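These notes concern the structure reproduced below.
Keep in mind that this is a model prediction, so the values were computed, not measured. Atoms within each ligand, like the ligands themselves, are counted from 1 in listed order. Side-chain atoms are counted along with the backbone in the values below, which use heavy atoms only and exclude waters and symmetry mates.
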Amino acid sequence: MIKREPLVKVGTFLTNFALKTHLPVEGLIKSTVFDHFCGGVTEDDCLPVIEKMYSKGVSSVLDYSAEGKEEENHFDFTVEKTLKTIDFSHQHESIPFAVFKPTGVGRFKIFEKMTAEEPLTEEENAEWERIIERFDKICKTAYEKDVPVLIDAEESWMQYAADNLIEEMMQRYNKKKAIVYNTLQLYKWNRFDYLEDLHKRASEKGYKIGLKLVRGAYMEKERERASKKGYISPICKDKPTTDDNYDSVLKYVMERIDTISIFAGTHNEKSTMLLLKLMEKHQISPNDPRVWFGQLYGMSDHISYNLSNMGYNVAKYLPFGPVRDVMPYLIRRAEENTSVAGQTNRELMLLRKEKERRKL
Ligand SMILES: Cc1cc2nc3c(=O)[nH]c(=O)nc-3n(C[C@H](O)[C@H](O)[C@H](O)COP(=O)(O)OP(=O)(O)OC[C@H]3O[C@@H](n4cnc5c(N)ncnc54)[C@H](O)[C@@H]3O)c2cc1C
C-alpha cells in the first residue's frame with residue numbers, strides 16, 4: 001500500500017489528524033505500519049525480534065525513535081534510554097551499536113541558532129551547556145563500555161552545530177578506535193569536502209573517525225526551505241549525483257580504513273555491491289570490525305540476510321518507542337517508499353520475480 005503516493009499523502013494527513021484529535025487509531029497503526037517498521041514499544045518488546053534476526057547473523061541497533069519533543073525532562077529521559085541501550089548492547093553480542101539523534105537530547109531551535117551562528121540568550125547558553133553535557137554523558141559511557149555509538153544526522157539548518165559537537169566527542173573518545181560515529185548525508189553536495197577537511201583535522205589531532213554513511217532522509221523539506229528562503233539548496237541536483245557522491249565517499253574511506261571506520265546505512269544494491277568489491281580490492285576481511293552494513297528494520301531483508309550469509313557485519317536499525325511518538329519516523333519511511341525508484345518498489349519486484357521462479 002505504501003508504494004501508492006496518493007494513499008500515503010491522504011493516510012499521513014488522516015493519521016496526524018486522528019492522533020491530534022485523540023481518535024482511537026493507535027491499535028490500527030500498531031498492527032500495520034508500526035509492527036512492520038518497529039520492534040515494539042520497549043527494549044524488552046524488541047528482544048524476540050533481535051534474537052530471531054541474530055539467529056541468522058543479522059545484528060540490531062536499538063533505536064529509541066520518539067521525536068519532536070521539546071521539554072528538558074524528555075531530553076533527560078532520552079539520555080537515560082540511550083544509556084540503557086548502551087548497557088543492553090554491552091550485554092548482548094547481537095546489539096553492536098547504540099544510537100541517538102541530536103534533537104532527541106536538545107531543542108532543535110538551539111542547534112539551529114548555533115548553526116546560524118546567532119547569539120544565544122543567557123538561558124539558551126545554559127541549555128546549550130546541558131546539551132554538551134548530555135552528549136558527553138552518552139559518549140563517555142559508550143567509551144567506558146566499549147560500545148560504539150552512532151549519532152544520526154538531521155536537517156542541514158541544525159547540522160553544523162551537531163557536527164562540531166560530535167567532532168569534539170570524536171577527539172575525546174576516538175583516540176584508539178572509533179567509538180563516536182557522526183552521520184554523513186551524501187545527498188548534500190558539500191559532504192565530500194567536509195570529509196576531506198575532517199580527515200585532515202583528525203590526522204593532525206590524532207583521533208579516529210567513525211562515520212555512518214547515508215544518502216539522507218529530509219530531501220523534500222530541504223528543497224522546500226531553500227526555495228522558500230531563496231538560498232542554494234544543499235541537496236545534489238539529482239539522484240545520480242547523490243549516488244555518485246555516496247560511491248565516491250565509499251572509495252575515499254576504503255583507501256583510509258586505518259583511520260576511518262564506517263557503518264554504510266543503505267538499501268541501495270549498487271552501493272552495497274561496490275562496497276563489497278572495494279573491501280575485496282583493499283583486502284579487508286568481511287568481518288573486519290571497521291566496516292558495517294546497515295539497513296532499517298522492515299526494509300531490504302534480501303540485502304541484510306545475503307550479507308550476513310556471506311559473513312559480513314550487518315545490523316538493522318530497530319526502532320522502538322510509544323506508537324504516537326514514533327509517527328514522524330514512520331511517516332518518513334512511508335514517504336521515502338512511495339517513489340517509483342524507491343525501495344519498496346524494488347523489493348516488490350524482486351518478490352514477484354522470486355514467486356514466478358518458484359512457480360516454475
Ligand atoms: C541504517 C540506516 C540509518 C539511517 N540514518 C539516517 C540518518 O541518520 N539521517 C538521515 O537523514 N537518513 C538516515 N537514513 C535514511 C537514508 O538517508 C535514506 O533515506 C534511505 O536509506 C534511502 O536511501 P538508500 O541509500 O537506502 O537508497 P536509494 O533508494 O538508492 O536512495 C534514495 C535516496 O536518494 C536520495 N535521492 C532521491 N531522489 C533524489 C533526487 N532527485 N536528487 C537527489 N537525491 C535524491 C535521497 O536521499 C533518497 O532518500 C538511514 C538509513 C539507514 C539504512
Side-chain angles (χ1 to χ4, degrees), residues 3 5 37 53 58-65 67 95-104 148-159 162-163 166 181-191 210-224 226 233-247 249-250 262-275 292-304 307 313-319 328-350:
K3 82 171 195 179
E5 201 175 347
F37 287 111
M53 292 201 291
V58 176
S59 300
S60 299
V61 181
L62 268 178
D63 180 15
Y64 180 60
S65 297
E67 292 182 26
I95 312 173
F97 291 87
V99 64
F100 75 98
K101 244 186 183 40
T103 59
V149 60
L150 307 166
I151 306 177
D152 285 348
E154 303 175 69
E155 291 87 342
S156 60
W157 56 100
M158 58 67 65
Q159 192 60 41
D163 286 345
I166 297 166
Y181 282 61
N182 196 5
T183 299
L184 282 196
Q185 295 159 309
L186 295 154
Y187 63 5
K188 279 158 78 177
W189 45 261
N190 68 2
R191 292 288 86 178
L211 288 178
K212 168 155 62 93
L213 304 175
V214 301
R215 279 179 169 74
Y218 304 87
M219 185 176 72
E220 318 288 345
K221 226 173 161 183
E222 290 281 356
R223 288 202 167 130
E224 217 174 279
S233 167
I235 306 300
C236 292
K237 65 177 181 350
D238 51 26
K239 176 77 165 56
T241 315
T242 297
D243 292 343
D244 284 349
N245 207 22
Y246 194 95
D247 294 348
V249 166
L250 284 182
I262 60 158
F263 184 98
T266 183
H267 305 123
N268 183 295
E269 287 93 356
K270 280 196 187 140
S271 295
T272 305
M273 283 304 291
L274 173 69
L275 184 51
W292 276 81
F293 294 80
Q295 288 78 44
L296 303 176
Y297 180 69
M299 290 175 74
S300 291
D301 282 348
H302 63 296
I303 297 182
S304 315
L307 283 171
N313 296 320
V314 57
K316 287 183 100 88
Y317 255 41
L318 187 59
Y329 174 87
L330 292 176
I331 287 170
R332 274 205 304 285
R333 294 294 75 81
E335 282 175 350
E336 86 182 0
N337 278 297
T338 53
S339 75
V340 178
Q343 192 52 40
T344 299
N345 255 340
R346 293 209 297 263
E347 276 183 62
L348 282 176
M349 198 187 68
L350 288 171

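The atoms of ligand 1 that sit less than 4.0 Å from any heavy atom of Tyr218 are 11 (O). Near Thr242, the atoms of ligand 1 lying under 4.0 angstrom from a non-hydrogen atom of the residue are 43 (C), 44 (N), 45 (C). Within the listing of ligand 1, atoms 24 (P), 25 (O), 26 (O), 53 (C) sit less than 4.0 angstrom from a heavy atom of Thr266. Numbered from 1 in the order shown, with element, the atoms of ligand 1 that lie under 4.0 Å from a heavy atom of Cys236 read 42 (N), 43 (C). Those atoms of ligand 1 that come under 4.0 Å of a heavy atom in Ala217, given as number and element, are 10 (C), 11 (O), 12 (N), 17 (O), 19 (O). Listed by atom number, the atoms of ligand 1 under 4.0 Å from Phe263 heavy atoms are 1 (C). Of all atoms in ligand 1, listed by their number and element, those nearer than 4.0 Å to a heavy atom of Asp152 are 8 (O). Remark: ligand 1 atoms within the under-4.0 Å shell around heavy atoms of Ala153 are 7 (C), 8 (O), 9 (N), 10 (C), 11 (O).
Note on ligand 1: Lys316 sits outside its first shell, no heavy atom being nearer than 4.0 Å. Remark: distances from the non-hydrogen atoms of Arg332 to ligand 1 are all 4.0 Å or more.
Counting heavy atoms closer than 4.0 Å to ligand 1, residue His267 contributes atoms from both its backbone and its side chain. Within the 4.0 Å heavy-atom criterion, the part of Gln185 lying near ligand 1 is the side chain and not the backbone. Under 4.0 Å from ligand 1, the heavy atoms of Thr183 that appear belong solely to its side chain. Residue-level proximity to ligand 1 for Asp238 is carried by the backbone, the only part with a heavy atom below 4.0 angstrom. Residue Arg223 touches ligand 1 through its side chain alone, judged by heavy-atom distances below 4.0 Å. Counting heavy atoms closer than 4.0 Å to ligand 1, residue Met299 contributes nothing at all.
The nearest non-hydrogen atom to atom 37 (C) of ligand 1, considering only Lys270, Arg333, Lys239, comes from Lys239. By heavy-atom distance, the residue among Leu296, Val99, Asn268, Leu150 lying nearest atom 52 (C) of ligand 1 is Leu296.
No donor-acceptor contact under 3.5 angstrom links the side chains of Asp244 and Thr241, judged on distance only. The closest side-chain donor-acceptor pair between Tyr317 and Lys212 falls under 3.5 angstrom.
For the residue pair Ser300 and Glu347, the shortest heavy atom distance occurs at N-OE2, 2.7 Å. Scanning both residues, Leu318 and Ser60, for their nearest heavy atoms gives CD2-OG, 4.3 Å. Across Lys316 and Tyr297, no two heavy atoms sit closer than the pair CE-CA, 3.8 Å.
Geometrically, ligand 1 and Gln295 share no nitrogen or oxygen pair separated by less than 3.5 Å. For ligand 1, the polar-atom distance check against Gly216 finds a nitrogen or oxygen pair separated by under 3.5 Å.
Ring to ring, Phe97 and Phe263 are close: their centroids are under 6.0 angstrom apart.
For Lys101 (side chain) and Asp63 (main-chain N/O), no donor-acceptor pair under 3.5 Å exists by modelled atom type.
With Arg215 as the partner, the side-chain hydrogen bond (donor to acceptor under 3.5 Å, both in side chains) test is satisfied by one option alone out of Thr242, Asn245, Thr266: Thr266.
With contacts defined as side-chain heavy-atom distances shorter than 4.5 Å, the pair Tyr329/Leu296 qualifies. In this structure, Gln159 and Thr183 have side chains that are not in contact, with every pair of non-hydrogen atoms separated by 4.5 Å or more.
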query = Is there a salt bridge (Lys or Arg N to Asp or Glu O under 4.0 Å) between Arg346 and Glu269 once you walk through the steps?
reply = CA-CA 10 Å; Arg346 293 209 297 263; Glu269 287 93 356; 3.1 Å; yes
inquiry  = Please evaluate residues Lys270 and Asp247 with respect to the criterion salt bridge (Lys or Arg N to Asp or Glu O under 4.0 Å), reporting the C-alpha separation (whole Å), side-chain torsions for both, the decisive distance (0.1 Å), and the verdict.
reply    = CA-CA 9 Å; Lys270 280 196 187 140; Asp247 294 348; over 6 Å; no
